[in-house]
Number of protein chains: 2
Amino acid sequence: MNHTQLRPPTMADVARLAGVSHQTVSRVLGDHPNVRDETRARVQRAIEEMGYRRNSSARALVTRRTRTLGVVASNTTLYGPASTLFALEEAARTEGYVVSTVSLRRLTVETLSEALDHLSQGGVEGVIALAPQRSAVEALAELRQPFPVVAVGTGTGVEIPSVNVDQRLGARLATGHLLASGHRTVWHLAGPEDWQEAVDRVDGWRATLEEAGVEPPLPLGGDWSPLSGYRAGQELAGWVGRGLTAVFVANDQMALGVLRALREAGVRTPQDVAVVGFDDIPESEFFAPPLTTVRQDFATVGKRSIALLLDLIEGRPPSGTSRVAIEPQLVVRASTFPYVPQPGNAPG
Amino acid sequence: MNHTQLRPPTMADVARLAGVSHQTVSRVLGDHPNVRDETRARVQRAIEEMGYRRNSSARALVTRRTRTLGVVASNTTLYGPASTLFALEEAARTEGYVVSTVSLRRLTVETLSEALDHLSQGGVEGVIALAPQRSAVEALAELRQPFPVVAVGTGTGVEIPSVNVDQRLGARLATGHLLASGHRTVWHLAGPEDWQEAVDRVDGWRATLEEAGVEPPLPLGGDWSPLSGYRAGQELAGWVGRGLTAVFVANDQMALGVLRALREAGVRTPQDVAVVGFDDIPESEFFAPPLTTVRQDFATVGKRSIALLLDLIEGRPPSGTSRVAIEPQLVVRASTFPYVPQPGNAPG
DNA sequence: GAGGTCATTGTGAGCGCTAACAATTCCCGT
DNA sequence: ACGGGAATTGTTAGCGCTCACAATGACCTC
């Protein structure tokens, strides 16, 4: 392997071979205009020949730019965070930045603080925090860092610059869709209370019902996992025939658990109970039945977050607002066939 | 915000405040033993007071160690890659390394090469490549970089140091389980042919059947997506009653599609057809019916990969072999209730 | 009390690069 | 042929840190 060589060549080495000064090499590499074509070619040949690559540390030291961004996230194996992460990295790379990630198992003040330290040690110029728990956001506000931080998925009610999908709107779309299909009321299986997104979805659901003059039932609670959805689903099954005909579940994974519990209890979806999820994970379309859900545009979240962070790093006034909200979108599938309040209608 | 200040303090600034030389500050930070306690305390106070942090670029320049690793991956929103990524980052962080990731949409020679360049620009000391496509591995062998590269999920037949889950064994477990349950033969829905993992699973499936004296049916092909599984499932449904009683599907997502197609065709799982998947994604347990599948230990993959890469970076002889294979594990669920070749037995 | 050892602290050099400025060369009009 | 400006190239000085070594001082031994 080539990396066994003791010292990689330096700019001076290249310069010597090309018969120029190291500065001319630097100019060629930096696409500086005032270099003769012939010189440029000679330098380029020398670079090629030696397999030279600029030392990024030396460069960063003098330019004071590492061109590295950090991301702190948790639950990165879930569809939402993983998608956001992907979009963030792609957007950053387009702008010429490298992204260093820290994936936490749990998001607490300690782990967050350690993560920021770790990233700082990696020389990041700024950090995106995927911090959906409210406790984490508060911690973030405390932990003043020597670089700017943009929060994602924290809701708009925080002091920190943030980018969010409009969760309330998503919940309104879901709940409104069910009401419009003829359901008298809509139950809700919520996410953990310390997740801002979960709270916002509850808010949107509740507001929609209240505006329709319906008293919202007590929401159930889960932890986003299919298992918790399954447990809640068993409970919900007990309310069928007593006013329960539609459920808005706070994410698709829990909805999957709900669907299984209903099925096992002999409750048909959507004929007996309609179900709506949230996220539109790739599997949702193939659930039994295919799930109506709310799709979030993670690519846009990624782009906007990076744009905002770079504005902050460059000291520019943010090109948009520093509290971005992105619109989600309803995806209608078989789990919410238009509801007709008499039993016994067969689906296609 | 604090990061608006023009220049962060340097070691010399701290030294001045503490009344020592910059070298003493460096010693305190480096936990060098020969510093008087009182001096150490004074320095630490000064560091605190100024909010000083070492400049990582300057440090990296002189130590020639960036303590940064790179990861190239594609399809990072899928469960497998996302889990591996998570495990890699955690393992690297434990060893004091920062991880920079590049997530590609498609893995080709060009994108791979660009990714490695991008990471190199970020100053990585080594790279892990999650390169499951065979074409990518070949490209990797060509693209000699000035740093070591460890491949993950490429299969053991490559020149590059690599870490893998034993896919053949996984396929044997799945196929053997079906045969042991009384099925005469086992059909297979394979992944894309240019994925080494897909090929290995086909091999393991075929070998198991042949050892049992069974002529393997022609395998179907999919692209890992639920949709491709759905299409294949429709085709498979046509073979029910003509010798098809069991299917080994190369991943859980496709298995989900197969389950839906069978259900829609009026084929019952597992009474008419048993289905086994691969991956054990969190949703599998809640499919209709819960899916028997093969679990891969991504945490171990991550740890072993990082260990191997660090050995290579440090120039140590790898502590284990440089072609690691990790054992997967069968998880039995309701989609493969012990098969009895007469129809009509109801499940629990 | 001279000499030696050890712990502690300081000094100087240089990692590889870019930015600022200085020097040289080239080309043009006159 | 010659001055002047632009184009091209070179020189120098750090960026902030760690390493090697020098200097200082405290303490001990005989």
Side-chain angles (χ1 to χ4, degrees), chain A residues 5-44 46-47 50-68 96 120-125 146-147, chain B residues 5-44 46-47 50-68 96 120-125 146-147:
Chain A
Q5 70 182 204
L6 288 200
R7 291 240 169 152
T10 73
M11 202 170 254
D13 297 330
V14 174
R16 203 169 310 119
L17 179 62
V20 296
S21 77
H22 66 136
Q23 177 61 335
T24 298
V25 178
S26 177
R27 286 193 186 99
V28 170
L29 254 27
D31 263 338
H32 195 96
N34 290 342
V35 179
R36 226 180 343 146
D37 284 352
E38 190 259 322
T39 312
R40 186 183 301 275
R42 195 144 38 90
V43 168
Q44 236 130 22
I47 289 175
M50 306 189 77
Y52 170 74
R53 323 199 66 151
R54 273 190 293 202
N55 179 311
S56 56
S57 303
R59 234 167 102 64
L61 177 57
V62 59
T63 60
R64 301 163 177 290
R65 302 297 308 265
T66 58
R67 297 200 77 84
T68 300
S120 164
Q121 180 208 301
V124 298
E125 294 183 37
F147 43 72
Chain B
Q5 70 182 208
L6 287 201
R7 291 246 167 148
T10 74
M11 202 168 254
D13 297 330
V14 174
R16 202 170 308 122
L17 179 61
V20 295
S21 77
H22 67 136
Q23 177 59 0
T24 297
V25 178
S26 176
R27 286 195 184 95
V28 170
L29 254 27
D31 262 338
H32 194 97
N34 289 343
V35 179
R36 233 189 327 157
D37 284 351
E38 191 258 320
T39 312
R40 186 184 301 277
R42 196 145 35 89
V43 169
Q44 235 130 24
I47 288 175
M50 306 189 77
Y52 170 74
R53 324 197 66 150
R54 272 192 294 202
N55 179 311
S56 58
S57 303
R59 233 167 104 64
L61 177 57
V62 61
T63 59
R64 300 166 175 289
R65 303 297 309 264
T66 58
R67 298 200 76 84
T68 300
S120 164
Q121 180 209 299
V124 298
E125 295 184 37
F147 43 72

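Chain letters run A, B, ... following the sequence lines, proteins first and then strands; every chain starts at 1.
- Between B:L29 atom CG and B:R59 atom CZ the span is 8.0 Å, to the nearest 0.5 Å.
- Taking atom CG of residue A:D37 and atom P of nucleotide C:dC26, one finds them 15 Å apart after rounding to whole Å.
- Ranking D:dC17, C:dG16, D:dT18 by closeness to the B:A58 side chain, first place goes to D:dC17.
- B:R59 places its CZ atom 8 Å from the P atom of D:dC19, with the value rounded to the nearest Å.
- Between B:N34 and B:R27 there is no side-chain heavy-atom pair separated by less than 4.5 Å.
- In plain terms, the two heavy atoms of B:V43 and B:A18 that are nearest each other are CA-CB, 4.0 Å.
- Atom-to-atom, CG of B:N55 to C1' of C:dC17 comes out at 13 Å; the value is rounded to the nearest Å.
- When heavy atoms are screened at a 4.0 angstrom cut-off, B:T10 is found touching the sugar-phosphate backbone but no base atom.
- Between the side chain of B:R7 and the base of D:dG16, no donor-acceptor pair under 3.5 Å is found.
- Counting to the nearest Å, the P atom of D:dG16 and the CD atom of A:Q121 are 19 Å from each other.
- Residue A:R54 is in sugar-phosphate contact alone, with no base atom involved, counting any heavy-atom pair closer than 4.0 Å across all strands shown.
- In terms of phosphate contacts, A:T63 brings no side-chain nitrogen or oxygen within less than 4.0 Å of OP1 or OP2 of C:dT18.
- Between A:N34 and D:dT8 there is a side-chain polar atom (N or O) within less than 4.0 angstrom of OP1 or OP2.
- B:H22 has its NE2 atom 14 Å from the C1' atom of D:dC15, to the nearest Å.
- Considering only side-chain atoms of A:Y52, the nucleotide from C:dG16, D:dT8, D:dT18 that sits closest is C:dG16.
- Annotation: side chain of A:V20 is in contact with side chain of A:V25 (closest heavy-atom distance under 4.5 Å).
- A straight line from CD of B:E38 to C1' of D:dG25 spans 15 Å, rounded to a whole angstrom.
- Among the nucleotides C:dG16, D:dC17, D:dT11, the one closest to the side chain of A:S21 is D:dT11.
- Residue B:R36 places none of its side-chain N or O atoms closer than 4.0 Å to OP1 or OP2 of C:dA7.
- Within 4.0 Å of B:T39, counting heavy atoms only, lie sugar-phosphate atoms of the nucleic acid but no base atom.
- The residue among B:V62 and B:Q23 whose nearest nucleotide of DNA chain C is located toward the 5' end is B:Q23.
- Using modelled atom types, one side-chain atom of B:R67 and one backbone atom of B:G96 make a donor-acceptor pair closer than 3.5 Å.
- For A:H32 and C:dC17, the NE2 to C1' distance is 16 Å, given to the nearest whole Å.
- The side chain of A:R64 has D:dG16 as its nearest neighbour among D:dT18, D:dG16, C:dC17.
- Within the structure, every side-chain polar atom (N or O) of A:T24 is placed at least 4.0 Å from both OP1 and OP2 of D:dT8.
- Distance A:R40 CZ to D:dT9 C1': 13 Å, rounded to the nearest Å.
- Side-chain atoms of B:S26 and B:M11, non-hydrogen and from C-beta on, do get closer than 4.5 Å to each other.
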